[in-house]
Amino acid sequence: MPPRVEPINATLGAVVSGLALARMDAATWKAVERAFHEHAVLVFPGQHLTEDEQIAFANCFGDIELLAPDPAQRAVAISNQKPDGSIMGADEHRYKSLRGNEGWHTDSSYMPLAAKASVLSAQVVPSAGGETECADMRAAYDALDDRTRRRIEGLSAHHSLYHSQAAIGHVVKPGAGYGFHTKGAPLRPLVKVHPVTGRPALYIGRHAHAIPGLDVEESEQLLSDLVDFACRPPRTYAHAWRPGDVVIWDNRCVLHRARPYDYREARVMRHTRVAGDPATELAPTDRDDRAGAYEPSTSNR
Ligand SMILES: [Fe+2]
């Protein structure tokens, strides 16, 4: 039996059921991959994957991007709960990263090699809020007026996690965590052509800033206007999590954000990130003033 793929009432997203992600045969995988390219966000309710099963599922899409210092660790917790069970305080580095995730972004655009896809599974969910919301940058590009399309054609932006965290008052030193590196800020076109579907999509979000050829105010205004326009219905879907749900999105054409919740409650997600293809997701970098040193590299490690 092929899996059931039910499109969500938005320009992106589908709910996929009638399969076990931990035991996909070749035909089922093909159906999942096809649905991923068509819908860009897939929701798999109630899969309850183990960590190894989640890693294996992510691995079907490509190499795993290593986010932790230990290369053996291929899944990470996105959580406000510490290993001892206590809840993080508002002054902690990782808490500020979580608050940063509430802004629209695409994963690892601030690394030399941006991410292909991201997998999240819910372990512990708060009583309200904490949804993951996705926005369709293919449909957003399609909906732009001709003037805006002409204006952004040929423009690129720098991407920096120092920049996006500084915008919420979190000033970070190199080496403080993943993304705070001295490899420079990648320069990426505002319009990305999807390597599989060929569809153009806006490639923007909170890490994007400093468009060459525009002054700082103009650049900020354009980028924030684009996000405002792009991340609206019918181009958005917010997933209200239940423990055991798995969601994957295509970072090449989707922006996402975490919705706020009461941070006194625990929210524990397990995350695996699929690395981009160097042929299409690797970008040259320029000096990032906030990083201090500049040691160009084409590696994320
Ligand atoms: Fe993210």
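Since the model is a prediction, treat every value here as computed from it, not as a measurement. Counting from 1, the numbers follow the sequence of the chain as shown.
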Item to check | Trace of the side-chain contact (heavy atoms from CB on, under 4.5 Å) decision for L202 with L144 | outcome: CA-CA 10 Å; L202 285 175; L144 292 175; 4.1 Å; yes
I'd like a table of donor-acceptor pairs (distance under 3.5 Å, sequence neighbours excluded) in which one partner is a side-chain atom from residues 184-192, with atom names and distances.
from	atom 1	to	atom 2	distance (Å)
R188	NE	S109	O	2.9
R188	NH1	E281	O	3.0
R188	NH2	M111	O	2.7
R188	NH2	P112	O	3.0
K192	NZ	T280	O	2.8
K192	NZ	E281	OE2	2.7

Checklist entry - Do any N or O atoms from the side chain of D245 and from the backbone of G46 form a donor-acceptor pair under 3.5 angstrom? => result yes
Checklist entry - Quick check: does any side chain N or O of E218 sit under 3.5 Å from a backbone N or O of G213, one acting as donor and the other as acceptor? => result no
Item to check | R199 side chain near D142 side chain, heavy-atom distance below 4.5 Å | outcome: yes
Item to check | Cluster check L98, L67: I/L/V/M/F/W/Y, side chain < 4.5 angstrom | outcome: no
Item to check | Validation row: Y237, V43 side chains within 4.5 angstrom (heavy atoms) | outcome: yes
Next on the checklist: Would R149 and Y141 count as a cation-pi pair here, with the cationic atom under 6.0 angstrom from the ring centre and within 45° of the axis?
Outcome noted: yes
Checklist entry - Taking the side chain from N80 and the backbone from M88, do they hold a donor-acceptor pair closer than 3.5 Å? => result no
Checklist entry - Any idea which heavy atoms bring A58 and V119 closest together, and the distance? => result CB-CG2, 3.9 Å
Next on the checklist: Tell me whether D63 at atom CG has more than 12 heavy atoms from other residues, nucleotides or ligands lying less than 6.0 Å away.
Outcome noted: no
Checklist entry - Mind checking whether P45 and V15 have side chains closer than 4.5 Å, heavy atoms only? => result yes
Next on the checklist: Are Y261 and Y263, when compared by the centres of their aromatic rings, separated by less than 6.0 Å?
Outcome noted: yes
Checklist entry - Under 3.5 Å, side chain of R34 to main-chain N/O of W29, donor-acceptor pair present? => result no
Next on the checklist: Is the shortest side-chain heavy-atom distance between W104 and M137 below 4.5 Å?
Outcome noted: no
Checklist entry - Hey, quick one: are V41 and V16 part of the same hydrophobic cluster, counting side-chain heavy atoms closer than 4.5 Å, chains of contacts allowed? => result no
Checklist entry - Can you tell which of T132, T106, N101, D107 makes a side-chain hydrogen bond (donor to acceptor under 3.5 Å, both in side chains) with H256? => result D107
Checklist entry - Same hydrophobic cluster for L120 and I8, using side-chain heavy-atom links shorter than 4.5 Å among ILVMFWY? => result yes
Item to check | Q165 CD to F180 CZ distance, which is reported to the nearest 0.5 Å | outcome: 5.0 Å
Item to check | Full working for side-chain contact (heavy atoms from CB on, under 4.5 Å) between Y178 and E65 | outcome: CA-CA 11 Å; Y178 191 71; E65 181 176 342; 2.5 Å; yes
Item to check | Atom of V5, atom of P7 and distance for their closest heavy-atom approach | outcome: O-CD, 3.5 Å
Item to check | V172/H93 under side-chain contact (heavy atoms from CB on, under 4.5 Å): CA gap, chis, key distance, verdict | outcome: CA-CA 9 Å; V172 183; H93 172 86; 3.9 Å; yes
Checklist outcome for this item: In terms of heavy-atom contacts, H194 and C253 come closest through CD2-SG, 4.0 Å
Checklist entry - Quick one: does C134's side chain get under 4.5 Å of L12's, heavy atoms only? => result yes
Checklist entry - Is the backbone N or O of A75 less than 3.5 Å from a side-chain atom of Q54, with the two atoms forming a donor-acceptor pair by type? => result no
Checklist entry - Would one find more than 12 heavy atoms of other residues, nucleotides or ligands at under 6.0 Å from atom CG of N9? => result no
Item to check | Donor-acceptor under 3.5 Å (H181 side chain, Y110 main chain) | outcome: yes
Checklist entry - Is the backbone of I168 close enough, under 3.5 Å, to the side chain of H170 for a donor and an acceptor to pair up by distance? => result no
Item to check | Any M269 side-chain heavy atom under 4.5 Å of W241 side chain | outcome: yes
Next on the checklist: What's the separation between atom CD1 in I55 and atom CZ in R74, rounded to the nearest 0.5 Å?
Outcome noted: 5.5 Å
Next on the checklist: Under 4.0 Å between a side-chain nitrogen and a carboxylate oxygen: does that hold for R138 and D136?
Outcome noted: yes
Checklist entry - Does the pair E153 and R150 meet the rule for a salt bridge (Lys or Arg N to Asp or Glu O under 4.0 Å), with working shown? => result CA-CA 5 Å; E153 198 182 280; R150 278 197 302 275; over 6 Å; no
Checklist outcome for this item: What one should report as the nearest heavy-atom pair of A114 and Y203 is CB-OH, 3.4 Å
Checklist entry - Got a donor-acceptor contact below 3.5 angstrom from the E131 side chain to the A238 backbone? => result no
Checklist entry - With a 4.5 Å heavy-atom cut-off, do S79 and Q123 have their side chains touching? => result no
Next on the checklist: Quick one, Y162 and D289 - any side-chain contact, counting heavy atoms below 4.5 Å?
Outcome noted: no
Item to check | Heavy-atom donor-acceptor pair, R290 side chain to H163 backbone, under 3.5 Å | outcome: no
Checklist entry - Taking all atoms of both residues into account, what is the closest heavy-atom pair of R287 and G292, and its distance? => result NH1-O, 2.7 Å
Item to check | Distance-only donor-acceptor check, side chains S108 and R273, under 3.5 Å | outcome: yes
Checklist outcome for this item: residues 80-104 vs salt bridge (Lys or Arg N to Asp or Glu O under 4.0 Å), sequence neighbours excluded, gives K82-E92, R99-E102
Checklist outcome for this item: Rounded to the nearest 0.5 angstrom, the CD-CD1 distance for Q73 and I64 is 12.5 Å
Checklist entry - Taking all non-hydrogen atoms of both residues, which atom of H209 and which atom of S160 are closest, and how far apart? => result CE1-CB, 3.5 Å
Checklist entry - Do Y95 and L161 belong together in a cluster built from hydrophobic side chains that touch within less than 4.5 Å? => result no
Checklist entry - If only atom types and distance count, is the side chain of T285 paired as donor or acceptor with the main-chain N or O of K183 below 3.5 Å? => result yes
Checklist entry - Is L49 linked to F61 within one hydrophobic cluster, defined over Ile, Leu, Val, Met, Phe, Trp and Tyr using a side-chain heavy-atom separation of less than 4.5 Å? => result yes
Checklist entry - How many angstroms lie between OG in S118 and CD1 in I248, if you round to the nearest 0.5 Å? => result 8.0 Å
Item to check | Gap separating the OG1 atom of T197 from the CZ atom of R252, nearest 0.5 angstrom | outcome: 8.0 Å
Next on the checklist: With side-chain contact (heavy atoms from CB on, under 4.5 Å) as the criterion, how do L19 and Q47 come out once you've worked through the C-alpha distance, each side chain's angles and the decisive distance to 0.1 Å?
Outcome noted: CA-CA 9 Å; L19 80 175; Q47 291 284 332; 4.0 Å; yes
Please tabulate, for side-chain N and O atoms in residues 227-236, each donor-acceptor pair with protein atoms closer than 3.5 Å (sequence neighbours left out).
from	atom 1	to	atom 2	distance (Å)
R232	NE	D228	O	2.9
R235	NE	A230	O	3.0
R235	NH2	F229	O	2.6

Checklist entry - How long is the gap from NE2 on H158 to CD1 on I211, to the nearest 0.5 Å? => result 10.5 Å
